[in-house]
Structures are given as C-alpha cells and as structure tokens.
Amino acid sequence: MTDVVAIFAQVEAAVSAALAQVLPAELAGTDPVVRRSDRADFQANGALAVAKKAGVPAHAVATDVAQELWSSGFKTLCSGPGFLNITVPDGVVWSAVAARLTDARLGVAARRAGERVVIDYSAPNVAKEMHVGHLRSSVIGDALVRVLSHLGADVVRQNHIGDWGTQFGMLIQYLDEHPDASWKGQGAETMSALDVLYKAARVEFEANPAFADRSRSRVVALQSGDEATVAVWRDLVAESERAFEAIYARLGILLDDGDFDGESRYNDALPGIVEELVAKGVATESDGAVVTFTEGVLNPDGDPVPLIVRKKDGGFGYGATDLATIRLRVEEYKADRILYVVDARQALHFKMVFDTARQAGWLPESVHAQHVPFGTVLGKDGRPFKTRSGKTVRLADLLDDAENAVRAVLEAREHDFTPDELSVVVHVAGTAAIKYADLSNTRTKDYVFDVDQMVATTGNTGVYLQYAHARVASILRKAGDAVGHLDATLPAHAAEKDLALTLDAFDATLRDVAETLEPHRLCGYLYDVATAFTRFYEACPVLKADSPAERANRLALCDLTRRTLATGLDLLGIAAPERL
RNA sequence: GCGCCCGUAGCUCAGUGGAUAGAGCGUCUGCCUCCGGAGCAGAAGGUCGUAGGUUCGAAUCCUAUCGGGCGCACCA
C-alpha cells in the first residue's frame with residue numbers, strides 16, 4: 001500500500017475541512033469541487049454549489065473558506081462569484097515529489113484489493129485466423145486486466161474461444177475425405193492453411209447435399225465422443241491455440257494457455273441450463289425453440305424478441321453458452337464483477353443474457369455483470385475494415401503493416417542501430433502504434449484504421465510516448481547520479497510545478513480508468529505527462545542546472561516522469577524501451 | 001417501429017455541471033555554439049447538429065427534433 005498522499009487529495013481535504021468550519025453541520029459533507037486551473041494550481045468551486053442551500057451569498061462562503069485555507073498554508077484568492085483560486089506552496093510540491101520518489105507504486109493505491117474480476121476477452125475461433133475483428137477485444141481487454149490487477153484486484157482472464165459447434169463436423173468430414181490436404185505443423189502458415197480448408201469445406205457443404213449430410217453425421221459423432229472424430233478435433237484445437245498464443249506473444253497480450261475457456265467446456269452444462277430455465281418458468285417454447293424474453297425488447301413487428309437458448313433442431317444457441325459462463329463465474333470463480341469485452345453490436349444480446357440470468361437467479365444483485373462494448377474498426381472509406389478484395393484483414397498482416405511503416409520512418413532518419421537492434425525497435429514501436437491507436441480513442445466509438453497516422457512521431461501516438469520515455473531515460477543515463485535527495489526549500493519553476501502536479505494525478509487517473517473501463521483516459525493522461533515534461537525540458541536545464549540542489553530536484557522529476565510513463569505504458573500493454 | 005452508439009476547429013479527436021471549449025495534423029511567424037528539434041513559443045481557425053428546459057452556471061444533465069452508424073428468431 002502506498003503512503004503517498006496526492007497533492008490533489010491534500011487540497012481537497014483542506015477545502016473540505018474549511019467548508020465544514022464555515023457551513024452549518026448538516027452541509028458538512030459537501031463536495032469541495034476541486035479541479036486543476038489555469039489561473040492557479042487548483043480551483044475549488046464548492047462554495048458556489050452550496051451557497052444557496054446554506055442561504056448565504058456564495059462570495060461570503062468563499063471568502064470565509066479562503067480565510068481558513070490561508071491558515072492551513074494554501075494561498076487562496078476569491079474570484080468572480082465565488083471561485084477559489086488555490087496556490088500550493090513549493091515546499092508541499094517538492095515534499096510530494098520526494099514521497100512519490102521512494103514509492104515503488106508511484107502513489108497508486110491498491111484500492112481494488114479483495115475484488116475478484118472475471119474478464120472475458122479476445123475470443124478467436126478455432127480453425128480460423130485471428131483478424132481485425134479480434135484486435136479491439138484483445139487489446140482493450142488486456143489493458144483492463146493490467147489496470148485492475150495493478151489496483152490490487154484479483155483478475156481472472158477468460159478467453160472464450162469458439163472451439164465447438166456444427167462447423168467442426170463440416171471441417172472434420174472434409175479433412176477425412178481429403179487426406180492429402182496438409183495443414184499441420186506449418187508454423188505460422190498452419191492457420192492460413194486451415195482457414196483455406198475451412199472455406200473449401202463450406203463451399204462443398206453448400207454445393208453438395210450428400211457431403212452436408214455426412215457433415216451432420218460427423219457432428220453427431222463428435223458430440224457422442226467418437227474417438228477418431230474427437231482426435232481430429234483435439235488436433236484442430238491444439239494447433240489453433242498454438243497459433244493464438246503466437247499472436248498474443250507478438251502483440252504483448254497476457255492471455256496464455258491457462259486462460260482458454262472454450263465453448264466446449266460448457267457443452268455438458270447446456271442441457272441443464274435449458275431444463276432449469278424451463279423448470280423455473282423463465283424459458284418457454286416458441287416455434288419449436290426454447291427461448292426467454294426480456295421486458296421491453298421488441299422486434300420491428302412489435303413482438304417480443306427472444307433469446308434463443310435451444311434451437312429448433314435441438315442445438316444450443318450461444319445464449320445458452322453465455323448463461324453457462326455466468327453461472328460458472330459466479331459459482332466457481334466467486335466473481336464480484338464479470339466483464340465481457342465484446343463488440344458494441346452485441347449490446348442487445350448481453351442485455352437479454354444478463355436479464356435472463358437474473359431471472360433464473362444465477363446472477364445475484366451483489367455480482368456486477370457488464371458488457372464492455374467497443375466500436376468497429378473502419379477502413380478509410382468509413383466502412384468496416386476489409387482488404388481491397390473485400391476480405392477480412394488478418395491480424396498478422398496489420399502488425400506487418402505497422403512494423404513496415406515504422407521501419408520506413410526510422411530509415412528516413414539518422415540512427416545508429418544494428419540490424420538486430422533495429423528489428424527489435426521496429427517490433428516494439430509497431431505494436432505500440434497499433435495498440436495505442438486502438439486504446440486512445442473513446443472505447444465506444446468506431447475509428448478509422450490509418451497506419452500512417454498510427455506511426456506518426458508527433459501528436460498523441462504510442463511512438464511519441466515511447467520517444468518521450470527514451471529521452472528522459474537518456475538524461476538519467478547521462479546524469480549517472482543517484483536520484484533521491486531533494487531540497488524542499490528550493491523555489492519551484494512554473495514548469496517544474498506543472499510537471500509535478502501532472503505526475504500527482506497518476507493515482508486518480510488509474511482509479512478513473514478502473515471505474516469507467518475506458519483506457520483512453522490513461523492515454524490522454526500519459527500524453528499530458530509527456531507534454532508537461534517537454535515544456536519542463538525546454539525551460540529547465542537538468543544536467544546543466546545552476547546548483548547541485550537544483551540538479552537533484554530536477555533529476556527527481558525526470559526519474560518520476562520516466563517511471564510514470566513506463567508504468568502507464570505497461571498498463572496499456574505497451575513497452576517502454578530505453579532507446580528508440 | 002423500438003433500442004443502443006455518435007454529431008465539438010478544414011481533417012482526426014480530447015473535454016469528471018464551472019470562469020476565455022482544448023490537443024494533434026494541415027496553414028502562417030519565431031526559436032538550434034545548449035541535456036535526444038520525433039521539440040518549444042506564438043498566430044489563424046468554433047452558431048459544441050438544432051430548439052426548448054433544469055441550474056447562480058450547460059459541450060456536459062432532461063425533453064423534443066434533424067443527421068450518421070449499428071442492432072432487433074434459431075450464425076456466433
């Protein structure tokens with residue numbers, strides 16, 4: 001646990017205390033409404049908000065609060081109708097820097113300790129290559145895993161891969177009839193080979209009724225545990241998982257073989273799910289299918305929209321599987337919070353799944369289940385991102401594109417990297433470009449995939465932040481001093497103070513991200529840190545400071561900046577190299 | 001028809017009910033004997049889709065409306 005009290009929290013506490021002094025007891029808990037300000041270090045607007053309730057002019061409340069704040073050491077001026085402009089003494093700023101400097105957690109409290117969060121994300125399909133549609137779930141889900149874990153939550157990752165269903169009957173039958181078709185053991189190409197075979201099987205399935213019949217029989221064989229069929233299925237799953245793990249490793253996604261939670265795992269539970277829903281009167285039969293309804297959800301004809309748990313043919317809908325995941329996650333994993341990082345277009349589905357689970361009593365009020373929706377990745381034409389020929393874009397190709405673009409940028413500049421170093425940098429910056437571009441947009445909005453913009457070295461990009469980090473690291477390397485001793489009696493330059501106050505907000509930012517599940521807030525914060533640092537860097541020489549004490553204070557700011565950027569980027573799943 | 005998401009600078013986007021709405025790109029003007037110029041300082045550029053309402057105060061909350069995207073029975 002951190003012992004650092006943020007300057008912001010100190011100011012907030014002081015204003016609260018002052019308000020309590022000035023206001024009648026029943027208004028003691030009023031929000032002090034403290035914000036950063038361009039007119040002072042902070043502004044507090046709490047007086048304005050409560051003046052009416054207190055029956056006193058806002059200006060009078062503000063004046064009295066200002067008086068109190070002076071006595072607790074904050075230079076405070078009233079302005080306008082009752083704004084308080086608060087200036088923090090330089091000594092307080094330096095003391096906070098000193099405290100944070102010795103804290104491995106940089107002032108971030110483990111405020112989510114004791115909370116168990118299950119996060120369902122990524123979810124690729126067996127026998128298919130990962131494509132652009134898996135990018136956002138994987139990247140956003142992973143960032144949320146990292147942030148929540150860092151705040152002390154007990155996070156359980158779940159990768160709900162599509163490893164079951166009628167399509168495997170088709171594929172296995174096709175493989176059986178084409179023993180010459182090779183796909184195994186081709187390394188990175190295994191999945192493309194499988195993908196091709198899968199498509200060929202589908203064509204055959206649609207064109208050849210006899211093959212379709214044999215495929216259906218093969219589904220039955222798979223479901224009833226026929227040894228030869230199951231063996232092929234296991235091969236398909238194992239090879240696919242290896243391929244997924246390779247992509248995760250390349251992208252820097254935490255998911256690994258312990259996180260697979262495929263649909264097949266729930267297969268045995270599905271009949272029970274349906275029976276119980278029917279027995280509890282939650283589900284009813286409709287058109288031969290077993291379905292549930294959610295109040296107020298209607299189709300264009302004005303009829304209720306069903307959630308199909310069992311299809312007319314006896315197969316299970318994915319509603320059934322999703323219900324099964326909830327039950328397991330509540331009962332076995334003891335989740336306090338269950339997150340589904342899934343495309344926004346699934347919103348209605350999840351609304352109905354959660355509603356059904358509540359009706360069935362599988363999702364108690366104490367457990368918070370939440371769909372974490374995200375927008376679509378678009379091409380430059382504003383339509384969902386496809387290749388020129390209209391096919392889905394492979395994730396591996398996206399990464400190649402980004403790395404090639406980074407390589408082009410680097411080669412256009414002077415650098416002294418060896419070829420090996422260069423390929424490392426290209427990889428690190430290329431993945432940063434893609435991930436940061438995805439994370440820095442408001443989660444729920446669509447965004448346009450634009451490689452050139454992503455690898456831009458200016459503006460709010462991953463590469464720019466990595467550069468900012470490398471530059472601070474360079475200063476610290478050159479200094480060689482042990483960072484640690486601060487002189488809190490030195491005056492703080494405006495740029496030093498601004499940087500310190502920006503660094504001060506790290507804890508609040510992460511808390512905000514954990515509450516809203518919006519990683520773009522962390523991106524915006526890190527960009528603020530980087531720009532505050534460059535202003536400081538322009539205005540305040542570090543290695544050539546006027547005195548050893550000034551140099552030490554500035555090195556401390558550099559050290560905190562570097563660690564805050566590195567930690568923040570890491571929480572986004574992005575590497576922070578020492579050189580770039 | 002109902003529901004969800006989105007309309008903010010020429011473009012791409014930030015913006016927890018607070019004062020004069022901010023960045024980046026692009027355009028224009030300055031700044032390199034100086035720690036990494038992938039930078040900094042400044043200028044220009046806005047009916048925050050529109051109209052009402054709540055509020056001391058609205059880009060932000062509420063209602064209506066216009067525009068765009070998406071979803072709504074057996075694919076997952």
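Letters A, B, ... mirror the listed sequences (proteins, then strands); counts begin at 1.
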Contacting residues from residues 542-558 of chain A, given that a heavy atom lies under 4.0 angstrom of RNA chain B: V542(A), L543(A), K544(A)
Contacting residues from residues 343-351 of chain A, given that a heavy atom lies under 4.0 angstrom of RNA chain B: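 By residue number: R345(A), Q346(A), L348(A).
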How would you label the contact of [X] with the nucleic acid (heavy atoms, under 4.0 Å): base, sugar-phosphate, or nothing?
X: D416(A); answer: nothing
X: Y527(A); answer: sugar-phosphate
X: L580(A); answer: base
X: S474(A); answer: base

Atom pairs and distances, donor-acceptor, side-chain atoms in residues 525-536 of chain A, under 3.5 Å, two or more places apart:
unit_1: Y525(A); atom_1: OH; unit_2: T502(A); atom_2: O; d: 2.7
unit_1: Y525(A); atom_1: OH; unit_2: L503(A); atom_2: O; d: 3.2
unit_1: Y525(A); atom_1: OH; unit_2: F506(A); atom_2: N; d: 3.2
unit_1: T531(A); atom_1: OG1; unit_2: Y527(A); atom_2: O; d: 3.1
unit_1: T531(A); atom_1: OG1; unit_2: D528(A); atom_2: O; d: 3.1
unit_1: T534(A); atom_1: OG1; unit_2: A530(A); atom_2: O; d: 3.4
unit_1: T534(A); atom_1: OG1; unit_2: T531(A); atom_2: O; d: 2.9

Range-with-range stems for RNA chain B, at least three Watson-Crick or G-U pairs under 3.5 Å: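 Stems (3+ consecutive pairs) listed as B:1-7 with B:66-72, B:10-13 with B:22-25, B:27-31 with B:39-43, B:49-53 with B:61-65.
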N/O donor-acceptor pair, side chain S79(A) with base A19(B), under 3.5 angstrom: yes
Under 4.0 Å protein heavy-atom contacts per nucleotide of nucleotides 10-18 of chain B, with B for base, S for backbone only and - for none: ---SSSB-B
Show me, pair by pair, the donor-acceptor contacts under 3.5 angstrom made by side chains of residues 508-516 of chain A, not counting sequence neighbours?
unit_1: T509(A); atom_1: OG1; unit_2: A505(A); atom_2: O; d: 2.8
unit_1: D512(A); atom_1: OD2; unit_2: R521(A); atom_2: NH1; d: 3.1
unit_1: T516(A); atom_1: OG1; unit_2: D512(A); atom_2: O; d: 2.9
unit_1: T516(A); atom_1: OG1; unit_2: E518(A); atom_2: N; d: 3.3
unit_1: T516(A); atom_1: OG1; unit_2: R521(A); atom_2: NE; d: 3.4

Given [N], is OP1 or OP2 found less than 4.0 Å from the side-chain N or O atoms of [X]?
X: R39(A); N: A19(B); answer: no
X: K128(A); N: C75(B); answer: no
X: T458(A); N: C25(B); answer: yes

Pairs touching residues 288-316 of chain A that satisfy salt bridge (Lys or Arg N to Asp or Glu O under 4.0 Å), sequence neighbours left out: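 Not a single pair qualifies under salt bridge (Lys or Arg N to Asp or Glu O under 4.0 Å).
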Salt bridge (charged side-chain N to carboxylate O under 4.0 Å, His left out) evaluation trace for D163(A) with R265(A): CA-CA 9 Å; D163(A) 65 352; R265(A) 181 181 181 188; over 6 Å; no
Test log, rule salt bridge (charged side-chain N to carboxylate O under 4.0 Å, His left out), inputs D446(A) and R383(A): CA-CA 10 Å; D446(A) 298 347; R383(A) 304 298 308 161; over 6 Å; no
Six-ring centre of Y537(A), R471(A) cation under 6.0 angstrom, axis tolerance 45°: yes
Rounded distance in Å - CH2 (W164(A)) to P (C75(B)): 18 Å
Separation of A38(B) P from Y537(A) OH (nearest whole Å): 10 Å
Sequence-distant partners of N267(A), side-chain hydrogen bond (donor to acceptor under 3.5 Å, both in side chains), two or more places apart: W164(A)
For [X], what residues pass the salt bridge (Lys or Arg N to Asp or Glu O under 4.0 Å) criterion, not counting sequence neighbours?
X: E206(A); answer: R202(A)
X: D322(A); answer: none
X: R551(A); answer: D481(A)

Min side-chain heavy-atom separation M130(A)-L135(A) under 4.5 Å: no
Validation row, ring centre F354(A) to ring centre Y340(A) under 6.0 Å: yes
Between the protein and nucleotides 40-46 of chain B, are there any N/O to N/O pairs under 3.5 Å, and if so, what are the atom names and distances?
unit_1: C40(B); atom_1: OP1; unit_2: T534(A); atom_2: OG1; d: 3.2

